[in-house]
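Start at 1 with the first residue, then count along the sequence.
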Amino acid sequence: MAKFIRVPHTLTLLFGMMVLAMIATWLVPQGFFDTQTLANGRSAVIPGTFTLVEQRQYLTPWQLLTAIPRAFASAQDVIFFVLILGGVLSIARATGTVDALIGRLLTRFGDKPQMLVFMVVFCFAMASSAIGTAGEYIPFVLILVALCKAMRLDAMTAVGMTVAGYGIGYGVSAINPFTVIIAQQIADVPPLSGNWLRFAIFVPFVLIGFHHVWSYAKKVLANPANSMVADLPCPLGDKLPAAYPALAWNHKLILASFVGTIALVAYGIRVHGWYLYELSACFIAWGLFTALIGRISADTAAEKFIAGAMELTTTAMLIGVARGISLIMEDGQILHSLVHGMSMPLSYVGAEAAAVGMLVIQTLLNFFIPSGSGQAYVTMPLMVPLADLLEIPRQVAVLAYQFGDGFSNMIIPTNAVLMGIIGIAGIPYGHWFRFCMPLLLKLLVAASLVLVLAVVFGYGADLQPVSTIPTASAN
């Protein structure tokens, strides 16, 4: 039966979602919440202020088409980061450093693929949990694809361990400054409070991700025909090197500088608020250093850079169109309507069911608001008074937001980082969806159980503010 089901090209799928989003703006009531500017300069919605627009505005097909170049402009930081990264990594490959690294890793882990999968999932989850890394994983994708290829695995395994670590790290983060701390500030509970539970569930959730990826990897090892991407060309070509070069001193220096660049990026993000422009600058500097140490001429480095950027043009196109989906929702004034409509039914169910309902809502809304911090500013001001009315500790509402935002990052096509990762690995979204959806369901079931137990045992009840229900919620 599956042979007769043809999954459309990822670009076709994303454009189709833009069309559906435009149609939704014709059908869904248009409305908005009033917003207030917080001390940090960000805007947050005000509970109880939702109003419908007096006159519906219909988006036209022409506005749909103009949204595409606007979406590219809106996502330009991610797009140019991916193109620059592709060019820089192409320079690094030209020095032989990547092949030498793979050769060394094969010597160490060639007969231990299970250990490799666990280490990647665990380490990426740790980094995302601690400092909110996401786009920083894109440089590792082609290296992991090449390594998996040499170990008789496939590109899906490489992307699986990358994205599983990223999504789980965000979902169960203890100190992520872009999600946990912002949500706790909005909920008016002490920053970093309740971390004992997040630390306790970290390893169990990582093991869920590891089990899913490794179960698939074992099938591919047993029979390459079991690969979900067996029908697709490898982004690195179909031939393996006859022999891997030795890891020379210049390769080690290039790798050490790569680690130093990642460390600098992490420091800049945490301390100075850097993002993709600064990240791009750091990797450009690393590319220049790599060409110098690798003894590549300026002209050769330029040619390799352009060739590497050209290889990721498709990925850049996907990222731009993916941004257009949420842009259409914003233009059509239905984003707040969706948030308001989804939150209303929760007031009619019990506390345990409402906590799970918050998880479902946050998961669905992440499709429309793929930014973790952006979702916090839109949804948490609404979920907090709702939690107070249902006698759910605010800490539980924060946990539901965190689970919904983090885990769904692994599958929503509006997530630019995800589209960049699967695009670099040459995996169509339809293939990725079939791989990732079962993992997402497992994580959501486990998360629901944690939320129910958190309500039952009053997780965070001792941290409730004295005044809980704001008067604005009367509307």
Side-chain angles (χ1 to χ4, degrees), residues 85-86 88-124 137-166 209-256 258-259 262 290 294 304 307-308 311-312 315 420-428 431-432 435:
L85 198 55
V88 170
L89 288 177
S90 180
I91 295 174
R93 291 201 302 269
T95 66
T97 302
V98 174
D99 287 342
L101 173 63
I102 291 171
R104 177 62 65 89
L105 291 174
L106 284 175
T107 302
R108 183 159 186 173
F109 297 107
D111 58 346
K112 302 174 184 176
Q114 183 177 17
M115 180 61 70
L116 175 71
V117 172
F118 176 77
M119 285 182 59
V120 172
V121 175
F122 182 83
C123 292
F124 283 11
Y137 297 142
I138 295 177
F140 294 94
V141 175
L142 285 179
I143 297 174
L144 288 174
V145 169
L147 182 59
C148 285
K149 179 183 177 183
M151 297 176 70
R152 297 188 300 112
L153 295 170
D154 62 0
M156 187 69 82
T157 304
V159 173
M161 34 184 183
T162 303
V163 177
Y166 155 47
F210 162 71
H211 177 268
H212 182 81
V213 178
W214 176 239
S215 297
Y216 169 80
K218 284 194 298 184
K219 296 177 183 177
V220 176
L221 284 172
N223 183 1
N226 291 328
S227 170
M228 298 178 70
V229 292
D231 59 325
L232 300 173
C234 176
L236 299 175
D238 296 325
K239 294 182 179 180
L240 290 172
Y244 291 94
L247 198 63
W249 69 268
N250 60 330
H251 298 148
K252 293 178 181 178
L253 187 56
I254 290 172
L255 290 173
F258 177 76
V259 174
I262 296 295
T290 297
K304 294 296 182 181
E311 291 174 359
L312 297 185
T315 302
I421 290 174
I422 67 174
I424 287 175
I427 297 177
H431 288 61
W432 172 249
F435 172 88

Begin from the C-alpha positions of Ile427 and Leu232 and carry the test side chain to side chain contact (heavy atoms under 4.5 Å, CB included) through to its verdict.
CA-CA 8 Å; Ile427 297 177; Leu232 300 173; 5.5 Å; no
Expected output: side-chain Ser227 to main-chain Pro224 donor-acceptor under 3.5 Å:
no
Starting at CD1 of Ile254, measure out to OG1 of Thr290 and round the result to the nearest 0.5 Å.
5.0 Å
Give, for atom CG of Asn226 and atom CG of Leu221, the distance between the pair rounded to the nearest 0.5 Å.
10.5 Å
Interatomic distance, Leu147 atom CG to Leu153 atom CG [nearest 0.5 angstrom]:
8.5 Å
What are the two closest heavy atoms between Val220 and Arg152, and how far apart are they?
CG1-O, 3.8 Å
Any salt bridge between Lys304 and Glu311, counting N to O under 4.0 Å?
no
Nearest 0.5 Å, what's the OG1-CE distance between Thr157 and Met228?
10.5 Å
Check whether any side-chain N or O of Ser90 sits under 3.5 Å from a backbone N or O of Gly86 as a donor-acceptor pair, and report yes or no.
no
Check: Ala248 main-chain N/O paired with His251 side-chain donor or acceptor under 3.5 Å:
yes
State, to 0.1 Å, how close Met161 and Phe124 come at their nearest heavy-atom pair, and which atoms those are.
O-CD2, 4.4 Å
Does His212 reach the main-chain N or O of Phe435 with its side chain, forming a donor-acceptor pair under 3.5 Å?
yes
Side chain of Asn250, backbone of Gly294: donor and acceptor closer than 3.5 Å?
no
Below 30° counts as parallel, above 60° as perpendicular, anything between as tilted: where do the rings of Phe210 and Phe118 land?
perpendicular
Tyr216 (side chain) donor-acceptor with Met156 (main chain) under 3.5 angstrom
no
Atom OG1 in Thr97, atom NZ in Lys252: separation rounded to 0.5 Å?
12.5 Å
Minimum-distance pair of heavy atoms, taken over all atoms of Leu247 and Ala100:
CD1-CB, 3.6 Å
Please walk me through it: do Trp432 and Val159 pass side chain to side chain contact (heavy atoms under 4.5 Å, CB included)?
CA-CA 9 Å; Trp432 172 249; Val159 173; 3.6 Å; yes
CD1/Ile421 to CG/Leu144 distance, rounded to the nearest 0.5 angstrom?
10.0 Å
